Structures are given as structure tokens and as C-alpha cells.
Amino acid sequence: MNIFQDWPEPIVRVQSLSESNLQAIPNRYVKPLSQRPNLPSKNHHNKHNPHTAAIPIIDLGGLYTNNITLQAKTLDEISKACREWGFFQVVNHGMSPQLMDRTKETWREFFNLPMELKNTHANSPKTYEGYGSRLGVEKGAILDWSDYYYLHYQPLSLKDYTKWPSMPLHCRDILEEYCKEMVKLLQNAFGGKEEAGGCLRVNYYPICPQPELTLGLSPHSDPGGLTILLPDEHVAGLQVRGSDDAWITVQPAPHALIVNIGDQIQMLSNSVYKSIEHRVIVNPAKERLSLAFFYNPKGNVPIEPLKELVTVDSPALYTSTTYDQYRQFILANIGVFWNMDDSPIPDGLDPTSVLEFIKLAFENFGYLEETELVGVLGDLKLLNYNILVASVGEDASGDLVCLSARLFGGGKPVDQSISSHGVSNKLAHVANTGVFWNLDDCEIPDHIDIYQNVKSALVNQGCHGQVSIWAYCEEDKEPLPGITFVSTGDAAARFKKMLRDILFWALQNPVHRPRTTVPSLMVISNISRNIEVASVLQLLVSRDYNVLLTVPDEKEYICSVWLYPRLIESLTEFPICTRSDKSLHDIKTGIFWNITGCTFPNDIHLDELNQNIKLAIENQGHHGEVGLYNWLHGTITLQTRVSNGRYMKVDTMFVDILLWALDNPAPSNLMVISNTISHETELSSLLQDLESKGYNILVAHAEEAASPVLPPACLEWRLDTLFAGGNPINRTNYSRDVLNMIQNDLSFRRKGCHDTEGNTGIFWSIEDCPIPSGLDPLTFFFDVKKVLPGRNVSVMAYCNQNRSLDDFSLNDNLHITLVHTADKYARIKKMFKDIFLWALENPESNVMVITKSIPFNISDVIHEAFSSRNYNLVLADPHGVAYVNSVWLSTSLFGGGDPIDPSGRKNLPSSKEVMTKWKITS
Ligand SMILES: O=C(O)CCC(=O)C(=O)O
Ligand SMILES: [Fe+2]
């Protein structure tokens, strides 16, 4: 059984409850305090408050005359009502009052039929067509005080008479006529299109003994295009959210229809026309009946703001979405988070059946293990999420069916302050701002009204709405107006708590779809050293939150905004040391064997192979100072590496060789065994590079290349000869003496490496990271130089082939080597290799990489390689600012001032000041 084809629990008809003369309504219908309707007190009941605003009433008669002026005037009135209210009544609409009355009468008769008859049309959550009593399938949900009947009228493909009521007599005929007239009205008065969808919901609100505790229909906006409501003339009940958030009760005019804009028209009009939230209150003395005709766009037509409404001043608020997609979006989702590490999918179960099973499991409730997750899930539960935690228990016997069941937290009452932000509240008028302030990083200044100042700074940036400030500190503080102090253990715990609070605040303040208001979230903290907070902020930006950052000082501004927070390591001071010459015993040999196309010979044992390879090398005799010494004493340990991942066309072996080289400075021996080494231009060029850095290169390959591109002093075997312990190919004309000479020359060159510690190598992808306006990399580089007296700063700038230094407005004072590459990929690859090769010659130095959106796997390799090997690594992304919407310096925020101007960055501190504070090394 698929649970989404049926209701999660037995259906109770509200009408039956009402007719059973209950004194109190069941708990299932009692709304949390904040959602209750706040009805006028009993004695004033039914007395209409004359001061309450009312939605406009428009006479449509003018539209049907030949009087153009009158037509235009009527259209103006409609447009004004759509803009200002999103809701209005129409009279003289052309629909026959008799038909309206007759239709309502027919439906009253339907709801008065015996329950068994009505239940023959009972609906299911699969299509909702038919007689129903709830919306949604959430088990244990608080329900509305109403029953309904839902049916499709058009398109014809969806119209199914068998789903329409068969009783009372002529019901279908009357309904058919009513819907036909309705579509006519929509087309004549509102320009409706033939292919649009049309469906009808007849709402029936039975008498309620405690109307002050419940609602006939919870607040919602209609998701479709336009709704035309035939209200109950005798009983008011519909309430519309006014511009000041107050609920306005609609008093229907005689034979009027109520028109309201749905979400699709709001999106189409780029929010010029509003899809307004509305709800229905119920009545202690009278039942109420209404017919809502929903006129919707065709499911597969993309809806987006009309081009003519989108301007520089009013940019598009919505992205293109079809109505089908939109409905998908507003349906509740089930998120399944599965830790495959401790609970893999059992053998023999395919993932689809597992998914079916999880759906089933939702019926029987969830599973819980005592983990750190528990607290988080508890909070989510308070936010009305259904939490189910599954763990494969000890008795699982490899079978998912043995998931043990326990509902987390039971049916706790919902926290009122939280539940007031209902998901249905798609159109809250004012978005709130949450401010999360880490007092470890930034003190609260004395003698100013900090709350007011922060608030006015926010208002200046268009963040109206409520501002809440949470300040995280070690111990309790004297209360301050508008600030809630949160004291927690150590600094790490504080950051964690803040992170959690940020996420939950975001959950409670969703970005509304359609996106009319955007909640803002500000963090006052040093975030550059906390990758989690930085990435959460990034995530929230991608979810359309307005994310603001306040940093305590200029240094932090550079670190958090200019530098990529992800990769900043605390910079270490290097001792100036002279490396002693390696003794021959330290020389290591690394063998890299590309098994693909060059498999391990299976007729030979590993030990034997080991012996033979040693023998083959040994037979080459002495290689002067830098022999293959260690090889003779070591043993081969075989490590298999699966080269599945190519790091953006840089393959695993390539990366491994570079990493090995970092750990085994020249002179070390590097042997590569591969099928066709000389055809692999990247690999052979790497070997040449490494040889020029002093490594002894040995290769063995199956295919003899006609013109090898291998380094000159490289020893080269045929694979079978090597495995048999034989001699290398005598390809070179070099005599042993010449080879020795080359080797000696290399070791001489290496002697120059002693005082390279503390050098700085800057690798700059200058095409995608041109100098950002306001930020001055030149000054920046000079500062780097100043901070590193006597040290060398080399800048390698990677650009397209036809560029020269002039193109980048750099001056000659800076030593920049332009490196030309064919394209972006070549650039990344070349830069990657160069960084390593440079680092080989500059141990314990500073490596700075300036690049935009370097692929994560590449930056991970760089990060891992250098931060664990005594290098200072700084990965800079001058566009990093894109991940928050605005950045303030705390001094400016606390004075109620503006954020740093993101375009010009005029008030940016000079990088000189920053660098002197930023201690790279002594
Ligand atoms: O019953 C009413 O007055 C309103 C009904 C409604 O809002 C709906 O069906 O979407
Ligand atoms: Fe509605």
C-alpha cells in the first residue's frame, strides 16, 4: 500500500461532530493560541464594527456596455483593487442570481444527505476529488472545522462525472451550468483563456460550539490564478489579511461574487497584484456554505513576471516555474537523511523498495537513537516537522523490516511563538531580521543604544520588520534592551550554538514563495576561521535569504571577504634553517605503476618481481653520488590506488607523484611503470620537470616509443626486461660518465635551495580574477614583500595566450611572470603543477593562490598537501564577497551607518594597514 493514496488516520466528518451536539470541540481542532481567531466578545457578537476596513465592491456592468470610457473606468477599478487589496467583490457580473441561489441550494441539499450516501463519494489524498474533510496527510495534524467537495471542471481530460455527486437529482446539470457561466464570466470580464484549468471546491462549515478555538479554513493564499467565490450571504466568515496584518471580515453584498488573486497572477505581475492570505472563521449558531471556483494556468506553461513589468527599479521577483512545479513545491516533502556509513542498504534490497518501505514506515512512526542529533530533532519537532529517526537495530538481522519503532517526543503541544509562522503564510508583509552576535569576537560598545542603532542601520538598508538580537557570551550579562544574551561553555560550544540557532531561525523565518518578502539574517563575528558558519551563510544566500555580515575590524574584513575562509590556516613562523645535504641513505625510491594496460605479470611472484627489479637497477652499477642506493635495501610495498577520480583532468597518479615529491626531496628516485609512458605527454613533461629539479627518473614501459620525450638522464626499461632483471634500453648515446656529469650538475643546482624558506609564491589566475575595483592587489603584494623583509615574492599570473602585462594595468615594479595558457582547464592544470614544482624548491614557504572558483577537489588537494607540510597556504578569492549580501564594519553598524559599499568598496581599508596587522612571518 502506498500511504499517499490514503489518509493517515480514519476520517471524521466535521458535520457528524457538529450534529452530535458536543459541548467542546475535540483537541484535534483546537488551534494554538496565536492562530485562534480573536472573535469579538460574546455580547458584541454579530455586531459589525463600522470602522473596519472593507474590500472594494466593483460594478462590472460597465464592462458589458459599449461605453468605452465606462469600460476603461471599470478596468481601472479592477486594477486598483488587485494592486491594493488582491481581493474585491463584484456585482452586476452577469451571472444569474437564480443560478447562484439554485446552485447553493443544491449543495445544501447534498450536505444534508445521509452520511452513507455522501461517503460513496469520499475522496483520497491522491487527487482530492470528491467528498473530503481534511487537506494534507500529516498524521496527528491539527484540523480545520470544515468538510468540502472538490471536483474538476476543465480541462476536459480531467473532468470525470463519476467523481461529481450523483445526488441530489439534477445536481450535475446545475453544476455544469454554474461552472459554464463561471468560465464565461472569467473570460468576459478577466480575459480568461480557453485552455486554463477550472475546478470547484464547495466548502461546508458546520455549526461550531467553540468557534473561538478553531478555524473553518486556516490562513492560506490560493496557489492558482484567480478565484471566484460565491459566499454565503447569510453568514460572514471569510477574513482577509489587511495591509497592517489585521484580519478583515468580508461582508458579502447581495448576490455579489468575491474575486481574489492567486499566487500565479502575483508571480505573473511581479507582485504588482497581490495574492492575499485569507482564512475562514466559524459560527456558533449557523452553518456556512461557499463555492470557490479556482481558475488556474495550464500545468506545463512557465509562469514568470511579464517582461514589460520588469525594470531596473523593479527586478523580477520570481523565476520561471510551471503551475505543476509550483504545486509540487508547496506539497509537503519527506526528507530522508541516511547515514550510509553505519546503516548501509542491506544486500539484496534495491533502493526503490527501500524507499517504498520508508514511506510505509511513516505510518508506523519513527525510530530513535541517542545521538547528538536528538536535540536538533527535538527543536525541529517544535517547528511542526514530523521527525522520524531510523536506525538499524541490533536485532536487525540484515533486514530493514526490523527497524524498531518509537515516535520521537510524542505529541507535544506546539510552541505558540514558533507556530505563528505557518507555512501557509506565504505572504507575510514584513520580513524579520535575526542578528547573531558572537561577543568573543566583538564587544558591545558602551554608552550607546545599540539596539536602536543596529535597527536604524538595518532600516536604511531596507530591512524593516522586527529585529531580534541574540548575543553569545561566556557568562550572563546585565540585561540590555532588545538583546537576548545566550551564555554557553567555551568558544567552540558558542559557535556551535550560534550555528544551530541561525539554522533554526531560518526555518522559522522561511523565504516566502512567491517571494515577496525576504528575511534578513546578520552575523556579527569573525567568520573567517569558521568554515561551518561561512558555509551556512553561503547556503542561506543560495536559498534567497538576505545575509548580512558585520566584522569587528578591517583585518577580519579582508580575511572573511577577500580571502576564502575555507582555506585560511593560521600562519606559522618559519625558522631560518639550512638544510644539510642528504646522506645517500636518505635517498628514497618511489615507484608509480599504472596497472591499466600494464598489468601485474601473473606468472611471477611479488618477491621474485621485487628481486628482479632490484637486480635490474643494481646492474646499472654506480651512479656517482646519487645512486639508487636505498632501493637495494628496501622492499617493495604495493599500494593500490584507484584512479577513478580525475581531478579535473589531472589524474590521481599525477597528483600522487607530486605529493610524493613534496615528501621526498631531490635527489630521490622516481620510477614510473606504465604501458605507453612516452605517449602520455602530461606525465612525461612532469617527469622532465622533476628531473630538472634533481630527481632521478626511471621508467619502464611495454611499448617502445619511436621518439621518446623522456628526460635525457632517464633510465628506460622495456617492461619484460625489467621484470626479468635485465638491462635498460640503450637509447641514449650518453655514456655513464656523461650521465654522472648530469647528475652531479643537478646536485650542484640543488645546493642553491638552502635559503629559500620563507619565500612567497603567488599563483594568480588573472583572467578570472582581475583586480577588483577598490581592492588593490599591487599594494597588497608590496605589503607582502614588506612584511617579509629580505624574502622573495614571486608572482606567476596565468592568462590567455594573447595577453600582455599591459592588459592588466600592472606596473613593472612588481615582478610578475605571465604564464600563457590555452584555456581555463589548461590554466588550472598548469597552475596546479607549478604550485607543486615551486614548492619543491621552496620548502616551508608561503603559497598564495588567487583564483576564482577553483574546483573543490583541486583546492582540497592543495590544501591537504601544503597545510600538513609546513607551508603557509592562503587561498584567496577576491570574489568571495559574493557569498553574503552586505558587509559592515562593526564601527559603522554600531553607529547606525552603512555597510561597506560593495561596488566601489570606497571605504575599504588599505591593504597596507591590513597586512601589517596580518602577521605572516617575522
Ligand atoms: O469559504 C470561504 O469563504 C473561502 C474559501 C477559500 O478560501 C478557499 O476555498 O480557498
Ligand atoms: Fe482560498
Side-chain angles (χ1 to χ4, degrees), residues 14-15 35 37 54-55 57 82 85-90 100 103-104 107-108 110-111 123 128-136 143-153 178-179 182 186 197-208 211 214-242 247-253 255-266 273-283 286-296 323 326-327 330 422-427 514:
V14 177
Q15 190 177 3
Q35 291 174 21
I55 62 170
I57 301 182
C82 292
W85 284 91
F87 252 95
F88 52 96
Q89 305 198 44
V90 291
M100 289 162 69
T103 312
K104 262 191 288 192
W107 278 108
R108 280 190 207 285
F110 171 82
F111 284 103
N123 73 350
Y128 282 96
E129 280 167 291
Y131 180 45
S133 295
R134 67 181 286 170
L135 296 164
L143 302 176
D144 290 341
W145 191 263
S146 56
D147 299 325
Y148 61 87
Y149 202 105
Y150 181 67
L151 54 89
H152 282 292
Y153 176 68
Y178 178 83
C179 292
M182 196 46 88
L186 278 155
C199 44
L200 183 72
R201 187 165 73 212
V202 185
N203 300 295
Y204 182 69
Y205 308 94
I207 291 171
C208 179
T214 189
L215 288 169
L217 211 51
S218 293
H220 67 280
S221 65
D222 294 345
L226 203 66
T227 305
I228 300 198
L229 184 87
L230 173 57
D232 195 318
E233 255 171 53
H234 311 295
V235 192
L238 174 64
Q239 293 190 317
V240 173
R241 180 89 89 170
W247 290 104
I248 298 165
T249 307
V250 177
Q251 305 294 339
H255 284 115
L257 290 167
I258 299 171
V259 182
N260 67 286
I261 300 292
D263 295 346
Q264 303 308 305
I265 291 189
Q266 171 163 329
Y273 292 173
K274 305 286 193 298
S275 172
I276 295 296
E277 220 186 339
H278 50 287
R279 68 179 188 184
V280 176
I281 52 173
V282 287
N283 195 288
K286 292 178 192 159
E287 60 185 30
R288 180 172 179 272
L289 184 100
S290 73
L291 273 71
F293 189 87
F294 301 108
Y295 200 57
N296 301 329
Y323 184 45
Y326 187 77
R327 270 184 307 196
I330 56 178
V423 195
S424 65
N425 186 2
K426 284 178 284 179
L427 285 165

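All residue numbers refer to positions in the sequence shown, counting from 1. Counting starts at 1 for both ligands and their atoms, following the listed order. Model, not experiment: these values are computed from the prediction.
- With a 4.5 Å cut-off on side-chain heavy atoms, Val259 and Leu226 count as touching.
- Each of the following atoms of ligand 1 lies closer than 4.0 Å to a heavy atom of Ala292: 9 (O).
- A heavy-atom separation below 4.0 Å is found between Tyr205 and ligand 1.
- Neither the backbone nor the side chain of Ile258 has any atom closer than 4.0 Å to an atom of ligand 1 (non-hydrogen atoms only).
- Contact annotation: the side chain of Tyr205 approaches that of Ser290 to within less than 4.5 Å [non-hydrogen atoms, C-beta and beyond].
- Numbered from 1 in the order shown, with element, the atoms of ligand 1 that lie under 4.0 Å from a heavy atom of His220 read 6 (C), 7 (O), 8 (C), 10 (O).
- For atom 5 (C) of ligand 1, the closest non-hydrogen atom on the protein side is Asn203 ND2, 3.4 Å.
- In this structure the side chain of Ile258 reaches within 4.5 angstrom of the side chain of Phe87, judged on heavy atoms.
- For atom 3 (O) of ligand 1, the nearest protein heavy atom (residue, atom name, distance) is Arg288 NH2, 2.9 Å.
- Considering only non-hydrogen protein atoms, atom 4 (C) of ligand 1 sits nearest to Val280 CG2, 3.6 Å.
- Scanning all protein heavy atoms for the shortest distance to atom 9 (O) of ligand 1 gives Arg201 NH2, 2.7 Å.
- In summary, the atoms of ligand 1 found under 4.0 Å from a heavy atom of His278, numbered by their order in the structure, are 7 (O).
- Cys199 places a side-chain heavy atom less than 4.5 Å from the side chain of Asn296.
- Taking 4.5 Å as the limit, some side-chain heavy atom of His278 sits within range of a side-chain heavy atom of Leu238.
- The contact set between ligand 1 and Leu229, taken as ligand atoms under 4.0 Å from a residue heavy atom, comprises 2 (C), 3 (O), 4 (C), 5 (C).
- For the pair NE2 of His220 and OD1 of Asp222, the angle at the Fe ion (ligand 2) is about 90°; rounding is to 10 degrees.
- For the pair Arg279 and Asp144, the salt-bridge criterion is not met [side-chain N within less than 4.0 Å of a carboxylate O].
- In this structure, the side chains of Leu215 and Val282 stay at 4.5 Å or more apart for every pair of heavy atoms.
- Considering only heavy atoms from C-beta on, Leu135 comes within 4.5 Å of Tyr128 through its side chain.
- The Leu238 neighbourhood of ligand 1 comprises atoms 3 (O), 4 (C), with distances under 4.0 Å to a heavy atom of that residue.
- Protein heavy atom in closest approach to atom 6 (C) of ligand 1: Leu217 CD2, 3.5 Å.
- Counting heavy atoms from C-beta on, the side chains of Val202 and Tyr204 never come closer than 4.5 Å.
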